[in-house]
Structures are given as structure tokens and as C-alpha cells.
Amino acid sequence: MLPLTERLLKSVTPRLLLGSGLMLIAAGDYWAATLPITDRAFTSLILPLGLVGLGFAVTVSSITATAVNTVPLHLAGMASATTNQLRDFGFTLGPAVIGAVALSQASSGFHSSLHASALPESLKGAGSAVLEEGGPLAVNGASAASPKLAELHPLALEALGHGYAIGFVVCGTAALVSALLALVALRGRSAGSAVPSPVETARPSCGEAVGFRSRT
């Protein structure tokens, strides 16, 4: 996307690109949240995540360009470094927070479904024990591998699907709120103004690229 974003940054206000990129991320996340947990088709997943990827590509370049062009020239280096630091902070904190939200919701959902089901008490006890020791992922894995726990598998799978759907909704909402803030609060240069090439301002260093790949 770099050649395209470089051209766009020369003709469109960076904050508009930033807002558009964040809206693409939000749309992809909301779309992913609607996918049923039983749908394992590659095309079903790649389309919403493709929107997230396109939005991310536009957003990364736009964030740096917007930050650099909304501060005095002598603070441009500090603005660029700050955006890099915050991006890395998000790469670290985001998956941990969203994972905790998703698994917490999945655990609560499985616990409620289990006790509301008509399964034998012995099986309910086994499911509760596995959930307490290893969480919903452990229940899902154990019930898929053990015939004795097979009746727990649909409940665990449904709970995980619900939990991760909530995680996608949280991500989408965060992106949407950020897009509105970017469009309303930021004051970028008008279209056609001189904007630094994203090759210079937004392309991560080799160390950043390796760090991002290792985290993903």
C-alpha cells in the first residue's frame, strides 16, 4: 500500500486519510464480529481482515504525516518518535487487553450455558473443573480430544465465538471513536500542501519491522 498512500498523502489532507483508515479498520472488525464460529471458510475471514489490513496500511502512514505536519518544524522529530513509541505500545497492550476481554466473556458464557444445560451433573462438574484450571480454551481443547467430554464441545465453541466477537466489537469501537476524534479534533494541512513522503516518515526501520513480525 505504500506507493498508493504516498500518492494520496500528496493530494488529500492526512487527517482525512487517517479518519478513513480507522473507519476501514472499524468496518472490518464489526464485520468479523458477525461471523459464526462454525464458519471456517478462508474467504469468510480474509474479507473483513482484508479491510482491517487496508485500513492499517493507510492509518500508519497518515498518523506519522499528520503528527509531523501539525507541530512546529523543530518538533517534527519528536512527533515522529512519539507516534512510533505509541504504536509499539499499542502492539503490546492491545492484544493483551482484547484477549483478556474475549476470554473473560467466553468463560462467563460457558459457565452460564453449562449450568443451564440438561447435561449430567458429573459432566457439569468436569466442565467446571477444566474451566477453573485452564479457562475456556482448555475446555474447548479437552472436549474436542476426549470422547467423554464431547458434549461440552458445542458449549465451549459457542462461548469462545461469543467472547471473541465481543473482542472484535471493542476493537471496532475503539477505531471508530479514534476516527471521529481524528476528523473533528485534528487540524492538518489542506490538500495539496507539501507533505513528507511516507517513505521517509512512516516506513518502519528494520528493527521495528522485525519486532512487529515477531509480535504478530
Side-chain angles (χ1 to χ4, degrees), residues 21-57 59 86-182 212-216:
L22 288 166
M23 286 184 177
L24 285 175
I25 294 174
D29 284 331
Y30 286 137
W31 186 355
T34 66
L35 297 178
I37 191 65
T38 53
D39 186 357
R40 301 185 180 184
F42 180 74
T43 52
S44 298
L45 187 62
I46 197 63
L47 292 175
L49 292 189
L51 279 181
V52 174
L54 290 174
F56 183 79
T59 299
L86 290 175
R87 186 167 62 242
D88 286 343
F89 181 70
F91 286 155
T92 303
L93 184 63
V97 171
I98 298 303
V101 169
L103 292 178
S104 175
Q105 291 297 316
S107 180
S108 298
F110 176 77
H111 185 269
S112 299
S113 299
L114 181 64
H115 287 280
S117 69
L119 294 175
E121 290 299 324
S122 58
L123 192 56
K124 289 183 180 181
S128 297
V130 176
L131 179 66
E132 184 177 350
E133 290 295 326
L137 289 175
V139 178
N140 184 65
S143 60
S146 173
K148 295 181 179 180
L149 301 176
E151 292 180 84
L152 297 175
H153 189 60
L155 298 179
L157 196 62
E158 185 64 28
L160 284 170
H162 177 68
Y164 278 102
I166 291 177
F168 275 118
V169 169
V170 172
C171 288
T173 302
L176 183 60
V177 171
S178 299
L180 295 176
L181 287 174
F212 173 69
R213 293 192 185 99
S214 66
R215 284 188 291 272
T216 55

Could you give all pairs that pass the salt bridge (charged side-chain N to carboxylate O under 4.0 Å, His left out) test and reach [range], with sequence neighbours left out?
range: residues 172-182; result: none
range: residues 148-168; result: none
range: residues 29-51; result: none

Task: Reported CG-to-CD1 distance for the pair Leu93 and Ile98, which is rounded to 0.5 angstrom - done: 9.0 Å

TODO: Starting at CG of Leu47, measure out to CZ of Phe42 and round the result to the nearest 0.5 Å.
DONE: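 So the gap between those two atoms works out to 9.0 Å.
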
Open item on the list: Tell me every residue that passes side-chain hydrogen bond (donor to acceptor under 3.5 Å, both in side chains) with Thr59, counting only those two or more places apart in sequence or in another chain.
Closed with: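 With sequence neighbours excluded, Thr59 shows a side-chain hydrogen bond (donor to acceptor under 3.5 Å, both in side chains) to no residue whatsoever.
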
Taking all atoms of both residues into account, what is the closest heavy-atom pair of [X] and [Y], and its distance?
X: Ala179; Y: Met23; answer: CB-CG, 3.8 Å
X: Leu160; Y: Pro136; answer: CD2-CB, 3.9 Å
X: Gly127; Y: Leu152; answer: CA-CD1, 3.6 Å
X: Gly172; Y: Ala26; answer: O-CB, 3.4 Å
X: Tyr30; Y: Leu176; answer: OH-CD2, 4.1 Å

Check whether any side-chain N or O of [X] sits under 3.5 Å from a backbone N or O of [Y] as a donor-acceptor pair, and report yes or no.
X: Ser143; Y: Asn140; value: yes
X: Ser107; Y: Leu103; value: no
X: Thr34; Y: Trp31; value: yes

Under 3.5 Å, sequence neighbours excluded: what are the donor-acceptor pairs made by side chains of residues 49-57?
none

Do any side-chain atoms of residues 109-126 form donor-acceptor pairs under 3.5 angstrom with protein atoms, and if so which ones, sequence neighbours left out?
| residue | atom | partner | partner atom | Å |
| --- | --- | --- | --- | --- |
| His111 | NE2 | His115 | NE2 | 3.3 |
| Ser112 | OG | Ser108 | O | 3.1 |
| Ser113 | OG | Gly109 | O | 3.0 |
| Ser117 | OG | Leu114 | O | 2.6 |
| Lys124 | NZ | Ser117 | O | 3.0 |

